[in-house]
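Please read the structure below before turning to the comments.
This chain uses plain numbering: 1 for the first residue, then up along the sequence. Everything numeric in this text was worked out from a predicted model, so none of it was measured.
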Amino acid sequence: MAGDGMLENLKKYHIVLASNSPRRKELLAGLGLPFEVKVLPDIEENYPSDMPVSQIAEYIATEKADAYRPLMADSDLIITADTVVVAGDEVMGKPVDARDARRMLHKLSNCTHQVITGVCLSTVDCRHAFSVVTDVTFKALSNEEIDYYIETYRPFDKAGAYGIQEWIGYIGVTALRGSYFNVMGLPVQRIYSELLKL
C-alpha cells in the first residue's frame, strides 16, 4: 500500500469504489490503495429541479451512497461519485445521442465551463460528502472537429459529451484552473486528503 504510514488508518477498511467508470477505477488505483469495484444496477440520478447547480453532483453522489447503505459491512468504506458539466445555466449530463453530443460541444466551444465532481465517502458510522470544481476553457471548435470526435470516440458515457484525456482535450482545451483528474471524473488529490482524516 502506498505511503503505508500515512494511510495506516485505512487498513481496517475494505474500500469499495461504487462506479462502472473505467476512468474512476484507473484514477483511484493511482493512489496505490487496494479496493474492489461494486456497482448496483439502476440507481436513479435525479435531483430537485430548484437545486443550485453547485450542489447537484454532491447530492447525486450522496444518493448513490444511500443506495449502498443497506448492503454495507462493518469494515466497508464506500466511495461514490458523480460528475456534471455546467455551461452557462445548463447542467450537462451524458448526451442521449450524437445530435445531443454535437449540441453540447457547440455550447462548450470557445467558452469556459465548470466541471463539478461530487464525492461521498461512507462507512457504517459516518458519511462525508464534498465537491471539487475545475474551470475548463475550450478554443473555438470547428464543425469538422466536433463531428470527427463524436464519430471516432462516441462520448455518450461522458458528462458534457467529452473526455479531456481524449483527442478533443488534446486539441481543444486551452486553459484549465483546478484539478485535471477532477475533469476525468475523480478528484483523487482531494480524496487522498479526506482519507487521511478518517
Side-chain angles (χ1 to χ4, degrees), residues 1-86 91-96 115-134 154-160 163 165 179 181-198:
M1 182 186 292
D4 273 353
M6 291 179 291
L7 295 173
E8 186 70 30
N9 61 324
L10 292 180
K11 287 188 174 177
K12 64 185 177 188
Y13 293 116
H14 170 237
I15 300 174
V16 176
L17 175 63
S19 174
N20 257 330
S21 166
R23 294 166 297 283
R24 289 193 179 125
K25 182 179 178 183
E26 176 191 343
L27 289 169
L28 188 61
L31 292 181
L33 300 171
F35 67 93
E36 175 190 2
V37 174
K38 193 183 290 183
V39 182
L40 292 177
D42 304 322
I43 296 179
E44 292 291 325
E45 297 189 8
N46 300 322
Y47 55 89
S49 58
D50 59 346
M51 176 169 280
V53 293
S54 61
Q55 296 174 19
I56 290 170
E58 190 174 321
Y59 176 87
I60 293 174
T62 303
E63 289 287 293
K64 289 178 181 178
D66 286 345
Y68 283 85
R69 186 157 285 279
L71 309 173
M72 286 179 73
D74 289 346
S75 61
D76 284 350
L77 191 165
I78 309 274
I79 301 174
T80 53
D82 188 73
T83 301
V84 296
V85 170
V86 180
V91 177
M92 295 180 175
K94 297 168 186 171
V96 295
V115 179
I116 306 172
T117 300
V119 177
C120 189
L121 306 176
S122 304
T123 67
V124 289
D125 299 322
C126 69
R127 186 169 75 179
H128 177 54
F130 55 88
S131 294
V132 175
V133 182
T134 305
R154 305 189 62 75
F156 306 125
D157 63 335
K158 296 175 176 67
Q165 73 280 8
S179 165
F181 298 115
N182 186 53
V183 184
M184 282 181 68
L186 204 64
V188 282
Q189 187 280 327
R190 178 70 184 275
I191 288 173
Y192 175 78
S193 298
E194 299 297 338
L195 290 174
L196 286 178
K197 298 175 190 173
L198 285 177

Could you report the tightest heavy-atom contact between [X] and [Y], atom names first, then the distance?
{"X": "Leu186", "Y": "Ala81", "answer": "CD1-CB, 3.9 Å"}
{"X": "Val124", "Y": "Asp74", "answer": "CG2-O, 3.8 Å"}
{"X": "Pro187", "Y": "Thr117", "answer": "CD-CG2, 3.7 Å"}
{"X": "Leu195", "Y": "Leu33", "answer": "CD1-CD1, 3.6 Å"}
{"X": "Ala65", "Y": "Ser122", "answer": "CB-OG, 3.5 Å"}
{"X": "Ser131", "Y": "Gly118", "answer": "OG-CA, 4.0 Å"}

| said: Once salt bridge (charged side-chain N to carboxylate O under 4.0 Å, His left out) is applied, do any residues pair with Arg24, and if so which ones, sequence neighbours excluded? | reply: none
| said: Holding to ring-ring contact (aromatic ring centres under 6.0 Å, His included), I want the full list of residues that pass it with Phe156, two or more places apart in sequence or in another chain. | reply: none
| task | Output yes when a side-chain donor or acceptor of Tyr59 lies under 3.5 Å from a complementary backbone atom of Pro48, and no otherwise. | result | no
Would you give the length of the straight line joining atom [atom1] of [X] to atom [atom2] of [Y], rounded to the nearest 0.5 angstrom?
{"X": "Met72", "Y": "His14", "atom1": "CE", "atom2": "NE2", "answer": "11.0 Å"}
{"X": "Tyr68", "Y": "Cys120", "atom1": "OH", "atom2": "SG", "answer": "12.0 Å"}
{"X": "Gln189", "Y": "Asn182", "atom1": "CD", "atom2": "CG", "answer": "10.5 Å"}
{"X": "Ile15", "Y": "Thr123", "atom1": "CD1", "atom2": "OG1", "answer": "12.0 Å"}
{"X": "Ser19", "Y": "Ile79", "atom1": "OG", "atom2": "CD1", "answer": "10.5 Å"}
{"X": "Leu28", "Y": "Phe181", "atom1": "CG", "atom2": "CZ", "answer": "12.5 Å"}

| field | Glu26 with Arg23: basic N within carboxylate O range, under 4.0 Å | value |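 Judged by the 4.0 Å cut-off on N to carboxylate O distance, Glu26 and Arg23 do not form a salt bridge.
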In the structure I gave you, are the side-chain heavy atoms of [X] and [Y] within less than 4.5 Å of one another anywhere?
{"X": "Leu77", "Y": "Phe35", "result": "no"}
{"X": "Arg190", "Y": "Val119", "result": "no"}
{"X": "Leu27", "Y": "Ile191", "result": "no"}
{"X": "Ile56", "Y": "Ile116", "result": "no"}
{"X": "Asp157", "Y": "Asn20", "result": "no"}

| field | Evaluation steps, side chain to side chain contact (heavy atoms under 4.5 Å, CB included), between Arg127 and Arg69 | value | CA-CA 10 Å; Arg127 186 169 75 179; Arg69 186 157 285 279; 4.2 Å; yes
| message | What verdict does the side chain to side chain contact (heavy atoms under 4.5 Å, CB included) test give for Lys38 and Ile78, after you've listed the backbone C-alpha separation in whole Å, the side-chain angles of each residue and the deciding distance to 0.1 Å? | response | CA-CA 9 Å; Lys38 193 183 290 183; Ile78 309 274; over 6 Å; no
| request: Would you mind listing every salt bridge (Lys or Arg N to Asp or Glu O under 4.0 Å) that reaches into residues 46-65, with sequence neighbours excluded? | output: Glu45-Lys64, Lys64-Asp82
